[in-house]
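For the numbers below, each heavy atom of this structure counts, side chains included, while hydrogens, waters and symmetry mates do not. Residue numbers start from 1 in every chain, and the chains themselves are labelled A, B, ... in the order their sequence lines are given, proteins ahead of strands.
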Protein chains: 2
Amino acid sequence: MHPNEAGPDAQDRLLDAAERLFAEHGFHGVSLRTITTEAGVNLAAANYYFRSKEGLFRAVFERRVGPVNADREALLQELMARSAGRPAVGEVLRAFLEPAFRASTSPGAEMFRKLSGRSSVDPSPEVRRIVYELYDPVSSRFVDAFKRACPDLSREDLFWRLACVFGAMMYVRADSGRLQRLLGDDLNMSDPEAAIAHLIPFLTAGMEVPPITTRDENEGEST
Amino acid sequence: MHPNEAGPDAQDRLLDAAERLFAEHGFHGVSLRTITTEAGVNLAAANYYFRSKEGLFRAVFERRVGPVNADREALLQELMARSAGRPAVGEVLRAFLEPAFRASTSPGAEMFRKLSGRSSVDPSPEVRRIVYELYDPVSSRFVDAFKRACPDLSREDLFWRLACVFGAMMYVRADSGRLQRLLGDDLNMSDPEAAIAHLIPFLTAGMEVPPITTRDENEGEST
DNA sequence: ATGTGATTGAAACGAACGTTTGACACACAA
DNA sequence: TTGTGTGTCAAACGTTCGTTTCAATCACAT
């Protein structure tokens, strides 16, 4: 390649610009022309490097999700070893949430958290599909961990409670600005440590509420 | 108007089709041609009745948000009177959540819940702006109610906890299908009564956790 | 019957979209 | 020096977009 020394190369500048603009306008809300202009590269570069607009979108996620998944796996494995397979639910939450908020403090990482949160409930099915494919393998291992941490919960109870966990995590990562409108602009949702410090106690308390539905007899736990 | 007896008129069919397609593909992910074809009306009808694509989107929301806001206002007013201005947080949650899930059982209303949840963190700022404008007046009254229900919480604590509340509500309304992928297709997030029954205990427990940050002296409560 | 205002219809508008092309510039090994 | 692969560039491809136009059509009061 012939770019060089100073600054990131075209591929990285493209990913950075796409990360920001996809987060701020959505996949269908921003054009490759806008992205490539912002990145300072030629329009054709996007298709050259990433085959298509969707390929660029996927590449933005692949760059960030890999490290998050690795951190989550490592924390979960360590937790499982330490707790002999019966972890406290608060510890599972910590292993799940910390990598999601703490992974890298670069300015691009904050943009990606917004993009990831917003894409998790994006109306476009192709957007959600890409996101889920990348997060699912590790997420399903955490579902197992939650089952072990809350053995008294029926699948239905766990379903609804994980909806609260995922929803809260996603809403904070998305940082839509709504609550700042309602409570004051001085408040800030982008501090990873504050997010962790507040979310874990809240969600732990919710997970520890006594079961609502009765646990079905034939629900085996998948050892 | 000259349509009649049988079936909804062009305007309503347009709103119904738009409600579904916006929910499934997003504002920028579906075209007026697709919407008008699905509604069985001429392409020009969308601009004729609603001035623009954005006008149609806004009209979809206005049709549904009005009743939700009215229900919320009524429940909150009744709660405030009954509790002499010091409501239990679980009751505030109930007054906030029940109208959001229960408002109408028509098939269109279920589609709108998805649309509303997904639009709350939509990457496009123009989408979020429309949604917030319609929900905010009543939502800010609920913020006050939460302040009264949790007088020991600092603004920062309340901020993070309401993020969990909004996030959980929005995630369940959005019904992205993610948790069904992880836990099983037999589970169902679209039952309003089940959502209410599970969310309220979970979120109440989270709201009642002891304060994390210390309450600032000069934070006055707005009587 | 006639005029009027509201609605529908087919067609076209210019603009913007994702993508492709082919010529050109560069680095580096042979 | 020559050949090869990689990257850049301006330009164009065909398609689709939101929106507008204007004539045709309808229900209905006059």
Side-chain angles (χ1 to χ4, degrees), chain A residues 1-61 119 122-127 129-130, chain B residues 1-61 119 122-127 129-130:
Chain A
M1 60 205 79
H2 92 256
N4 41 17
E5 344 284 341
D9 64 4
Q11 207 159 335
D12 281 331
R13 279 182 291 131
L14 210 33
L15 287 171
D16 290 339
E19 187 166 62
R20 192 175 75 77
L21 290 166
F22 281 144
E24 291 177 349
H25 303 282
F27 180 73
H28 294 289
V30 67
S31 69
L32 284 178
R33 282 171 174 80
T34 302
I35 294 172
T36 51
T37 300
E38 166 105 357
V41 304
N42 187 271
L43 170 59
N47 289 289
Y48 176 76
Y49 285 116
F50 305 105
R51 298 182 41 88
S52 66
K53 189 186 186 184
E54 183 169 322
L56 172 59
F57 184 83
R58 179 182 286 270
V60 168
F61 271 84
S119 300
D122 196 283
S124 306
E126 69 269 28
V127 169
R129 188 176 44 76
I130 292 173
Chain B
M1 61 204 76
H2 91 258
N4 39 17
E5 344 287 340
D9 64 4
Q11 207 159 333
D12 281 331
R13 277 182 290 132
L14 210 32
L15 287 171
D16 291 339
E19 187 167 62
R20 191 175 75 78
L21 290 165
F22 281 143
E24 291 177 348
H25 301 98
F27 179 74
H28 294 290
V30 68
S31 68
L32 284 179
R33 283 172 174 79
T34 303
I35 295 172
T36 51
T37 300
E38 167 104 357
V41 304
N42 188 271
L43 170 58
N47 293 89
Y48 176 75
Y49 284 116
F50 304 104
R51 295 183 42 88
S52 67
K53 189 185 185 185
E54 184 170 322
L56 172 59
F57 184 82
R58 180 183 284 270
V60 168
F61 271 84
S119 300
D122 195 284
S124 306
E126 70 268 27
V127 169
R129 188 176 44 77
I130 292 173

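Phosphate contact (OP1/OP2 of D:dG18, side-chain N/O of B:N47, threshold under 4.0 Å): absent. Applying the 4.0 Å criterion to OP1 and OP2 of D:dC17, one finds that B:S31 has a side-chain N or O inside that range.
Among the atoms of the strands shown, none is found under 4.0 Å from any heavy atom of B:A46.
To the nearest 0.5 angstrom, B:R58 atom CZ is 11.5 Å from B:R51 atom CZ. Between the CZ atom in B:F57 and the CD1 atom in B:I130 there is a gap of 5.5 Å [rounded to 0.5 Å]. Of the inter-residue distances, the one linking A:Q11 atom CD with A:F50 atom CZ reads 4.5 Å to the nearest 0.5 angstrom.
One can place CG of A:L43 at 15 Å from P of D:dC13, the figure rounded to the nearest angstrom. With rounding to whole Å, B:F50 atom CZ is found 16 Å from D:dT20 atom P. In this structure, NE2 of A:H28 is placed 15 Å from P of D:dT16, rounded to the nearest angstrom. In this structure, CG of A:L14 is placed 13 Å from P of C:dG18, rounded to the nearest angstrom. Atom CZ in A:R51 sits about 13 Å away from atom C1' in C:dT20, given to the nearest Å. Here the P atom of nucleotide C:dA10 and the CZ atom of B:R33 are 14 Å apart, to the nearest Å. Note: CZ (B:R13) to C1' (C:dT8) measures 11 Å, nearest angstrom. The OH-P distance, from A:Y48 to D:dA11, rounds to 21 Å in whole Å.
Each of B:N42 and A:A45 lies near DNA chain D, and the nucleotide nearest A:A45 is the one positioned closer to the 5' end.
Looking at B:S31, its side chain does come within 3.5 Å of a backbone N or O of B:T34 through a donor-acceptor pair.
Closest to the B:K53 side chain, of the nucleotides D:dT19, C:dG18, C:dT8, is D:dT19.
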